[in-house]
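Worth saying up front: this structure is predicted, and the values here are computed from it rather than measured.
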Amino acid sequence: MTNNQTAIPISLLRSASLTLGLSVLVAASPASANVLYSNGFEVNNAGWIAFGGGFNATRVASGTNGVTSASGSFHAESSASGSAGNWGGYNYGAGAVPTVFQEYRTSIDIYLDTGGSWANDTRFDFSSAINNAAGAHRRDFIFNGGFYNDATGPGASTNRFVISASNNSQPTSAFAKNPARDPIAIDSTGWYTFEHHFYDNAGVLAVDMSIFDASDALLNTWTISDPTDLIGGIGGNRYGWFSYNQFSVLAFDNTSLEVPEPATLALFGLGLAGLGMVRRRR
C-alpha cells in the first residue's frame, strides 16, 4: 500500500497579556475548526457503509461485547475483513475530482482491550489515506497495532498493545513492534483517539500521527513525510480503513474530518514561548 495544531484559550491570552506584556489582536471569534464530517453512530453508520460488503461497519449499542461506547449510546464495530469509511466523501466531500490540498485532520476513537484473551501477536491496522491533486489515491498513513503478552519489545511480559506508524500494512509489509518505527506500549484497557494531521511543511506533505488517551493526554506522535509528496501534487482525503484486522471485536467511535478555520488570533511581543501551547481538541 502504496504537528499538532494548537490554540491558546482566550482566558489564558487575557491573563498572559497582563503578566507578560503581550499585545493580543482579536481579529474575529476564537480559533476553531470546520467539521466537514462527524459520526458518533448515535443515529446511523453513515460514511462507514460507503463501500459495501465486508467494508461496512456495524452499528451497535453501548455494552455490546462488553464495550461501553466512548460517548453516547452507540458505537461501531469493524468487520473481520476490515471496515472502511470515506470521511463523508473523498476530497473534502467533493468526490473523485481534481482537488487543491488544504490542511486537515481525521480522528477516530478505537477501543483497546488488554484483557480480551487475545492470542499473542493478534494485529490490526488503521489507515487514513490521501489523494493526489487529480483525485486518485496517493498514499496511506497507517497505525500498525497488535496485542502482545510476550517478553520482547515495548512493555515486555505484560498484556499490552504495541503501536507504531508507517505507510504500509501488516503482516507482509509492516510490523507493529518494528524498532525502527518507534513503537510504544499501551497496557490499559480503554478508548484511545487515533488522529492524523495532514499539513504543508515547507512545500511537502507531512502527517503527524498521534494517539491520545481518554483524558486527552498525548501518548506519542509519529511524523511521516516523503520528499516526493510535493504539495502541488497533493489533493484531499481518501478513505479511513482498518486495512488489517485479526480481532473478533474491534470497536470504534467518534469519527471525524475537520479543516482549520482561518486564523482568528494574532500574537505579538515577547514571552510567547512562556505561555505554552494547548492542543486544540473537539
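Evaluation of the side chain to side chain contact (heavy atoms under 4.5 Å, CB included) rule for N86 yields A50, F51, Y90 as partners, not counting sequence neighbours. Judged as a side chain to side chain contact (heavy atoms under 4.5 Å, CB included), and not counting sequence neighbours, the contacts of A174 are N144, S166, N168, Q170. For T106, the side-chain hydrogen bond (donor to acceptor under 3.5 Å, both in side chains) partners two or more places apart in sequence, or in a different chain, are S128. By the side-chain hydrogen bond (donor to acceptor under 3.5 Å, both in side chains) test, Y92 is found to be paired with no residue, residues two or more places apart in sequence or in another chain being considered. By the side-chain hydrogen bond (donor to acceptor under 3.5 Å, both in side chains) test, Y192 pairs with no residue at all, sequence neighbours left out. Here S71 pairs with N254 under the side-chain hydrogen bond (donor to acceptor under 3.5 Å, both in side chains) rule; sequence neighbours left out.
Each of N45, V67, D109, T68 was scored for a side chain to side chain contact (heavy atoms under 4.5 Å, CB included) with H75, with one residue passing: V67.
With hydrogens and angles disregarded, no donor-acceptor distance shorter than 3.5 Å links the side chain of T193 to the backbone of I211. Within the 3.5 Å criterion, the main-chain N or O of N56 finds a donor-acceptor partner in the side chain of S83. A donor-acceptor pair under 3.5 Å is absent between the side-chain atoms of N201 and the main chain of V204, judged by distance alone. A donor-acceptor pair under 3.5 Å is formed between the side chain of N132 and the backbone N or O of A136.
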### Audit row: D125, R123, salt bridge (charged side-chain N to carboxylate O under 4.0 Å, His left out) steps and yes/no
CA-CA 7 Å; D125 288 333; R123 306 190 206 181; over 6 Å; no

### Task
Report the C-alpha distance between T122 and F161 in whole Å, list the side-chain angles of each, state the deciding distance to 0.1 Å, and finish with yes or no for side-chain contact (heavy atoms from CB on, under 4.5 Å).
CA-CA 9 Å; T122 301; F161 281 79; over 6 Å; no

### Query
Can you check side-chain hydrogen bond (donor to acceptor under 3.5 Å, both in side chains) on T255 and N39, steps first, answer last?
CA-CA 5 Å; T255 62; N39 194 346; 5.5 Å; no

### Task
Please test N149 against T158 for side-chain contact (heavy atoms from CB on, under 4.5 Å), starting from the C-alpha separation and ending with a verdict.
CA-CA 5 Å; N149 55 21; T158 62; over 6 Å; no

### Message
Working note: Q246 + Y244, criterion side-chain hydrogen bond (donor to acceptor under 3.5 Å, both in side chains); need CA distance, chi angles, decisive distance, verdict.
### Response
CA-CA 7 Å; Q246 293 183 309; Y244 189 66; 3.0 Å; yes

### Query
Is there a side-chain contact (heavy atoms from CB on, under 4.5 Å) between S73 and E42 once you walk through the steps?
CA-CA 6 Å; S73 301; E42 294 306 296; 3.8 Å; yes

### Message
side-chain contact (heavy atoms from CB on, under 4.5 Å) for W191 and L112? Distances and angles first, verdict last.
### Response
CA-CA 6 Å; W191 286 99; L112 303 182; over 6 Å; no

### Message
ring-ring contact (aromatic ring centres under 6.0 Å, His included), that's the test. Do F247 and W118 meet it? Break it down for me.
### Response
CA-CA 8 Å; F247 289 88; W118 315 114; 5.0 Å; yes

### Message
Please determine whether ring-ring contact (aromatic ring centres under 6.0 Å, His included) holds for the pair F126 and F194, giving the CA-CA distance in whole Å, both sets of side-chain angles, and the decisive distance to 0.1 Å.
### Response
CA-CA 9 Å; F126 181 74; F194 289 67; 7.5 Å; no

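A single hydrophobic cluster is seen to contain both I184 and F124, as judged by linkage of ILVMFWY side chains at heavy-atom distances under 4.5 Å, directly or through other members. A single hydrophobic cluster is seen to contain both Y104 and I231, as judged by linkage of ILVMFWY side chains at heavy-atom distances under 4.5 Å, directly or through other members. Hydrophobic clustering, with ILVMFWY side chains joined whenever heavy atoms are under 4.5 angstrom apart, keeps Y111 apart from W241.
The hydrophobic cluster analysis finds V43 isolated: no Ile, Leu, Val, Met, Phe, Trp or Tyr side chain comes under 4.5 Å of it, directly or through other members. Hydrophobic side-chain contacts under 4.5 Å tie F175 into a cluster, directly or through other members, with Y148, V162.
Between N131 and T99 the shortest side-chain heavy-atom distance does not fall below 4.5 Å. Looking at heavy atoms from C-beta onward, L36 lies out of side-chain contact with W87 at the 4.5 angstrom threshold. Using a 4.5 Å heavy-atom cutoff, the side chains of T223 and V207 are not in contact.
For H196 and F143, the ring centers sit closer than 6.0 Å to each other. Residues W48 and F55 place their aromatic rings such that the two centres sit no closer than 6.0 Å.
Pairs of residues two or more places apart, or lying in two chains, never qualify as salt bridge (charged side-chain N to carboxylate O under 4.0 Å, His left out) while including a residue from residues 51-71. Residue pairs meeting the salt bridge (charged side-chain N to carboxylate O under 4.0 Å, His left out) criterion with at least one member in residues 76-87, sequence neighbours excluded, do not occur. The stretch residues 225-245 participates, sequence neighbours left out, in these salt bridge (charged side-chain N to carboxylate O under 4.0 Å, His left out) pairs: R138-D229, R139-D226, R139-D229. Screening residues 148-157 for salt bridge (charged side-chain N to carboxylate O under 4.0 Å, His left out), with sequence neighbours left out, gives D150-R160, D150-K177.
Smallest separation of non-hydrogen atoms from A176 and S164: O-OG, 2.9 Å. Contact between I234 and L230 at its shortest, heavy atoms only, is CG1-O, 3.3 Å. Heavy atoms only, all atoms of each residue included: D200 and F101 are closest at N-CE2, 3.9 Å. Pairing each heavy atom of F74 with each of S69, the nearest pair is C-OG, 3.2 Å. D253 and G40 get closest at one heavy-atom pair: OD1-O, 3.0 Å. Nearest heavy-atom pair across G47 and Y37 is CA-OH, 3.8 Å.
Side chain to side chain, S107 and S256 fail the donor-acceptor criterion of an N or O pair below 3.5 Å.
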